[in-house]
Amino acid sequence: MDSTVVVIDFETTGLSPDEGARATEIAAVVLDRGRVVARYQSLMNAGVHVPRFIEELTGITNAMVREAPPAKEVMAAFARFVGDLPLVAHNASFDRKFLDAELARIRQRRRQEVACSMRVARRLYPDAPNHKLGTLVDYAGVRVTGRHHRALADAEMAAGLWTRMEEDLLRAYRLRQVPHELMCRLQTVRRDGLADFMEGYKRRCGP
DNA sequence: TGCCAGGCCCTCTTTAGGGCCTT
C-alpha cells in the first residue's frame, strides 16, 4: 500500500486563515494504485459570511453554507476518514494551512505530511502553459469530473493528475512502481535536474 | 461590504525581486 495517498481539496472564504478566512467545503479521495477507492465530501458551516466573489467563483452560496453541518462535525469526520495516510493537494501550502487551522479548532493535529501535486508538475511538465490545476488537467489529458472550484471535483482531478504523473515517471524512467516517498522527494529537485535525479535514484534503489 | 497572504521557485540571485498558485 506504499502508493496509497489521500488527495484533498478545500474551498474557503479567502486566502488565509490568519486573516479570518474559514473553510466552506472539504473533500478527500483515497487513491490506491491509480484508482479512487473512497470519497469524502461535505460543505461546512463555520458561521462566517461567504463573499460575493467566492460565491461566484465556487458556486457555494451563503444559503448552502447556512444549511451545512457545523465545521467541527465535518472536520472530525474528515480526520477519521483520512487517518494517518499521506496527503496530497494542489498547491499544498494553501490546503495545509487551512487543514491545520480547522483541526486546531477541534483540538486535533495533522499527523502526516502533505505532498504538492503542483510542485511535482512543475518538474515533470515544465512546458505546460501554466501549472494551475485546470490547465494541467487539460495538458495531461486527465478526465474532467465536475465543476472546477468545487472540492470533490478538484480533489478527483488532482488525483487524476497525480496518477498521470506516476504513469509518466514509470514510462520515462522504466520504474516498476513509484513510491510516494519518491513523489515527495521530486518536489525538492530543481526542475532542470529531474533527469539526473532519476538516474541517481535508479542506481541507489533499483528500477 | 470589501478586501486580504504566504510559501515556493526562478534568475538578470544569494546584501533581492518578482511571478505563480491556492480561495
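Note that the structure is predicted; figures quoted are calculated from it, not measured. First the proteins, then the strands, lettered A, B, ... as listed; each starts at 1. Heavy-atom basis, side chains included; hydrogens, waters and symmetry copies ignored.
- Among the protein residues, A:Asp95 comes within range of no part of the nucleic acid, since none of its heavy atoms lies under 4.0 Å from any strand.
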Q: Give the C-alpha distance, both sets of side-chain angles, the deciding distance and a yes or no for side-chain contact (heavy atoms from CB on, under 4.5 Å) between A:Val114 and A:Asp95.
A: CA-CA 9 Å; A:Val114 188; A:Asp95 292 275; 5.6 Å; no
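- The separation between A:Arg122 atom CZ and B:dC20 atom P is 9 Å, rounded to whole Å.
- Comparing the same atom, C1', in B:dT23 and in B:dC4 gives a spacing of 11 Å after rounding to whole Å.
- With B:dT23, B:dC21, B:dC9 as the choices, the nucleotide that has an atom nearest any side-chain atom of A:Arg123 turns out to be B:dC9.
- For B:dG6 and B:dG2, the P atoms lie 23 Å apart once the distance is rounded to whole Å.
- When each of A:Thr13, A:Thr24, A:Asn62 is tested with A:Glu55 by the rule side-chain hydrogen bond (donor to acceptor under 3.5 Å, both in side chains), just one qualifies, namely A:Asn62.
- Between A:His149 and A:Thr58, the side chains place no donor N or O within less than 3.5 Å of an acceptor N or O (distance only, hydrogens not considered).
- For A:Ser16, the side-chain atoms get nearest to B:dA5 when compared with the rest of B:dA5, B:dT23, B:dT22.
- The salt bridge (Lys or Arg N to Asp or Glu O under 4.0 Å) contacts involving residues 126-143 of chain A comprise nothing, where partners must be two or more places apart or lie in separate chains.
- With B:dC21, B:dT23, B:dC4 as the choices, the nucleotide that has an atom nearest any side-chain atom of A:Glu11 turns out to be B:dT23.
- Of the two residues near DNA chain B, A:Met118 and A:Pro51, the one whose nearest nucleotide lies more 5' is A:Pro51.
- Among B:dC4, B:dT23, B:dG6, the nucleotide with an atom closest to any side-chain atom of A:Ser93 is B:dG6.
- With distances taken from any side-chain atom of A:Leu133 to the nucleotides B:dC21, B:dT22, B:dA5, the minimum falls on B:dT22.
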